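Everything on this sheet refers to the single structure shown next.
Each chain gets a letter, A, B and so on, in the order the sequences are listed, and its residues count up from 1. Source: prediction; values computed, not measured.
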Protein chains: 2
Amino acid sequence: MPYSIKAAAARCGLSEYTLRYYDKAGLLPFVARDASGYRAFTDGDMALLHTIICLKNTGMRIDDIRTYIQYVMAGSSTVAERRALLQKHREAVAAKQRAIAENLKEIDYKLALYEDPQAAQLVARELAAASQDKQAANLPDAFAGIH
Amino acid sequence: MPYSIKAAAARCGLSEYTLRYYDKAGLLPFVARDASGYRAFTDGDMALLHTIICLKNTGMRIDDIRTYIQYVMAGSSTVAERRALLQKHREAVAAKQRAIAENLKEIDYKLALYEDPQAAQLVARELAAASQDKQAANLPDAFAGIH
DNA sequence: ATAGACCTTAGAGCATACTCTAAGGCAACC
DNA sequence: GGTTGCCTTAGAGTATGCTCTAAGGTCTAT
């Protein structure tokens, strides 16, 4: 019934190396060992691992994931702490998503410029302006001679 | 008119260290030096630096940003390459945003559980199930005795 | 009983992106 | 001319998260 590390890795999409690294880092204190000292992942373990991967995929650091797992291992008395941790993370992720969306808008603006039929001319004009900046300041001009 | 590295750092929000690191990494070939060998950032340089920061903030790697800057330094003949690079990046960022949103949904699900008035009971039930997984597989139970 | 595929650990190595230190040059003011 | 504050470089150090190697134990089938 339980999965070997190889099977668990295949199921969750992480490498065996990464699973061992996570275990060493204190993220998998719940994974039991069989009589030979081999890790044995149960379905319940895979569910918790899934949560760990969600936290990782949203950018949570190993240290913070460990804190979450420690709350889980401490039982239902830590529900408030878990809620606070996840809420804080949720807001941080949302804020980062918004920031990325903002930056992406500017990249889209650049992209629109490059997609314009007159792109070459527009770019050449930008370049000429940058070039003049240098001349006006009596600085060597890295853009000189570029079209 | 041009900005010292200190002024440029203050304006763009990066540290002086980071600006020097970027220069060393080939991201700032356009920044000129004054008679004393000091970097002199023009307004045109700041605009390009802004683009670099947008790319960085959306997770582009230094190596790829350098490629983009090399296209810029090669003039308007590289418009097609720049467009391709930005489009590819744009799609990668969008895909990652979607992936994060997916993972966030699962975290929200967990959060809803913790926000339930019956949270402690629900969590205790999860825990009991995980505990039974271990028992059924004749494995040491890390959850034993936790409420 | 031996080959092969699996597992274990400790610890080294790597990639990325900074971050800082050391040693020293330049420029302005008292 | 000395102090102060800015700048330069090379290169070392840090943080994070893997990724891999070496040495060795276990299990299964032939």
Sequence-distant partners of A/D116, side chain to side chain contact (heavy atoms under 4.5 Å, CB included), two or more places apart: A/Q118, A/L122

Who passes side chain to side chain donor-acceptor pair (under 3.5 Å) against B/Q132, sequence neighbours left out? none

Contacting residues from residues 39-47 of chain A, given that a heavy atom lies under 4.0 angstrom of DNA chain C: A/R39

Mind checking what makes side chain to side chain contact (heavy atoms under 4.5 Å, CB included) contact with A/S77, not counting sequence neighbours? none

For residues 46-56 of chain B, which side-chain N or O atoms pair as donor and acceptor with protein atoms under 3.5 Å away, sequence neighbours left out?
residue, atom, partner, partner atom, Å
B/H50, NE2, A/E106, OE1, 2.7
B/H50, NE2, A/E106, OE2, 3.2
B/T51, OG1, B/A47, O, 3.4

Residues passing the side chain to side chain contact (heavy atoms under 4.5 Å, CB included) test with B/A144, sequence neighbours excluded, are B/D141

Let me see the working for A/Y3 and A/D45 under side chain to side chain donor-acceptor pair (under 3.5 Å), right down to the final yes or no. CA-CA 10 Å; A/Y3 311 112; A/D45 294 343; over 6 Å; no

I'd like a table of donor-acceptor pairs (distance under 3.5 Å, sequence neighbours excluded) in which one partner is a side-chain atom from residues 31-38 of chain B, with atom names and distances.
residue, atom, partner, partner atom, Å
B/R33, NH1, B/G37, O, 3.0
B/D34, OD1, B/S36, N, 2.8
B/D34, OD1, B/G37, N, 3.2
B/D34, OD1, B/Y38, N, 3.0

Under a criterion of less than 4.0 angstrom to any heavy atom of chain A, what are the 5'-terminal and 3'-terminal contacting nucleotides of DNA chain C? C/dC6 to C/dG11

With A/K24 via side chain to side chain contact (heavy atoms under 4.5 Å, CB included) - residues at least two apart: none

Any residue meeting side chain to side chain donor-acceptor pair (under 3.5 Å) with B/R61, in chain and number order, not counting sequence neighbours: none

Taking DNA chain C as the partner, which of residues 8-30 of chain A come within under 4.0 angstrom of it by heavy atom? A/E16, A/R20, A/K24

List in chain and number order the residues that pass side chain to side chain donor-acceptor pair (under 3.5 Å) with B/S76, two or more places apart in sequence or in another chain; answer none if no residue qualifies. none

